[in-house]
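The block underneath contains the structure these notes are about, expressed in structure tokens.
Whatever order the structure lists ligands and atoms in, that order sets their numbers, starting from 1.
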Amino acid sequence: MIQIKDLHKSYHMGSNSLHVLKGINFNVKEGELVSIMGSSGSGKSTLLNILGMLDEADKGSYILDGVPIKNLNEKVSAQYRNKFLGFIFQSFNLINYKSALDNVAMPLYYQGLKRKERVDKAMHYLEKVGLAEWSHHLPSELSGGQKQRVAIARALASNPKVLLADEPTGALDSVTSHEVMELIQGINDEGKTILVVTHEDDIAHMTKRIVNLKDGVIIDDSPVKQIRAKAHV
Ligand code: ADP
Ligand code: MG
């Protein structure tokens, strides 16, 4: 599903430059649930943003579902992003003045679905994350965990090949983190390929493989015995 080879990325600020990714190699197969672990500043978000086609590497290759991701114009890359990828962020990134339902339905607008299809589909995914009764509420009326579940429904609605989650539990307490990870595990059980960036060891152990990043290089990449999240204890 994902093949990356010798990926490099630097940031340039005036005459200074910061070499953040220093030759990253890894592959992700369809159906995997992988965490990218590392301390703050190790390059996790930089890597995820490149995988998410939100940013481009300086060097190296990236193949997503058989498609080389390189030198794409803004329009084509937006199309691929829409078709291939779903995003989940630490800060949820919901639109504050839109209901849960409209937040989930919005990406479907860009896929050219008619209003009724968008609403039906959005409702289906809100049900899937257990928030059917909250569909007409604004984000400000939802708890952190509920907001993240709306964001997960939104990411799923376009049926992407890969879900990319950047610190999805970073803004949540531990009980709510388990709730969100239980949902992510369930989605992976159904076969979805998911990458989770985290700096928390217990969250990483809820995935099936941990890729450890340190100072821009992978220092370890190993399968782990998955610990099931328990939302209700
Ligand atoms: P992580 O997600 O692991 O905390 P990041 O990928 O966000 O790490 O950042 C890696 C390093 O790159 C950090 O030192 C950060 O300050 C720097 N960095 C990230 N984004 C930018 C940017 N747009 N411009 C300059 N430096 C950046
Ligand atoms: Mg980060």
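- Atom CG of residue Asn103 and atom CG of residue Leu126 lie 9.5 Å apart, to the nearest 0.5 angstrom.
- Atom CD of residue Glu56 and atom CG of residue Leu7 lie 10.5 Å apart, to the nearest 0.5 angstrom.
- Atom numbering of ligand 1 starts at 1 in the shown order; those under 4.0 Å from a heavy atom of Thr46 are 5 (P), 6 (O), 9 (O).
- Ranking the protein heavy atoms by distance from atom 23 (N) of ligand 1 puts Tyr11 CE2, 3.6 Å first.
- Note on ligand 1: Gly216 sits outside its first shell, no heavy atom being nearer than 4.0 Å.
- Under the 4.5 angstrom side-chain criterion for Ile, Leu, Val, Met, Phe, Trp and Tyr, the cluster partners of Val224 are Met37, Ile210.
- Annotation: side chain of Gln90 is not in contact with side chain of Asp166 (no heavy-atom distance under 4.5 Å).
- Within the protein, the N, O or S atoms sitting under 2.8 Å from the Mg ion (ligand 2) are Ser45 OG.
- Atom 10 (C) of ligand 1 is approached by the protein to below 4.0 angstrom, counting heavy atoms only.
- Closer than 4.0 Å to atom 18 (N) of ligand 1 lies at least one heavy atom of the protein.
- The distance criterion of under 3.5 Å between nitrogen or oxygen atoms is not met by Leu18 with respect to ligand 1.
- Counting atoms of ligand 1 from 1 in the listed order, those under 4.0 Å from a heavy atom of Ser39 are 3 (O).
- A side-chain N or O of Asn159 and one of Lys192 form a donor-acceptor pair less than 3.5 Å apart.
- Within the 4.5 Å cutoff, no side-chain heavy atoms of Leu138 are placed close to those of Asn96.
- Relative orientation of the Phe87 and Phe89 rings is parallel, given thresholds of 30° and 60° on the angle between their planes.
- The distance from atom OG of Ser42 to atom NZ of Lys214, rounded to the nearest 0.5 Å, is 10.0 Å.
- Below 3.5 Å of separation, one finds an N or O of Gly41 facing an N or O of ligand 1.
- For ligand 1, the atoms closer than 4.0 angstrom to any heavy atom of Ser45 are 1 (P), 2 (O), 6 (O), 7 (O).
- Environment of OH in Tyr80: sparse, with no more than 12 heavy atoms of neighbouring residues, nucleotides or ligands closer than 6.0 Å.
- Looking at atom 8 (O) of ligand 1, its nearest protein heavy atom turns out to be Gly43 N, 3.2 Å.
- For the residue pair Leu156 and Pro160, the shortest heavy atom distance occurs at O-CD, 3.7 Å.
- Here Met53 contributes atom CE and Leu72 contributes atom CG; the two are 5.0 Å apart, rounded to the nearest 0.5 Å.
- In this structure, Gly38 does not count as a contact residue of ligand 1, since none of its heavy atoms falls inside 4.0 Å of the ligand.
- With a heavy-atom cut-off of 4.0 Å, Asp166 does not touch ligand 1 at all.
- More than 12 heavy atoms of other residues, nucleotides or ligands sit less than 6.0 Å from atom OH of Tyr11.
- At a heavy-atom cutoff of 4.0 Å, ligand 1 is contacted by the side chain of Val20 but not by its backbone.
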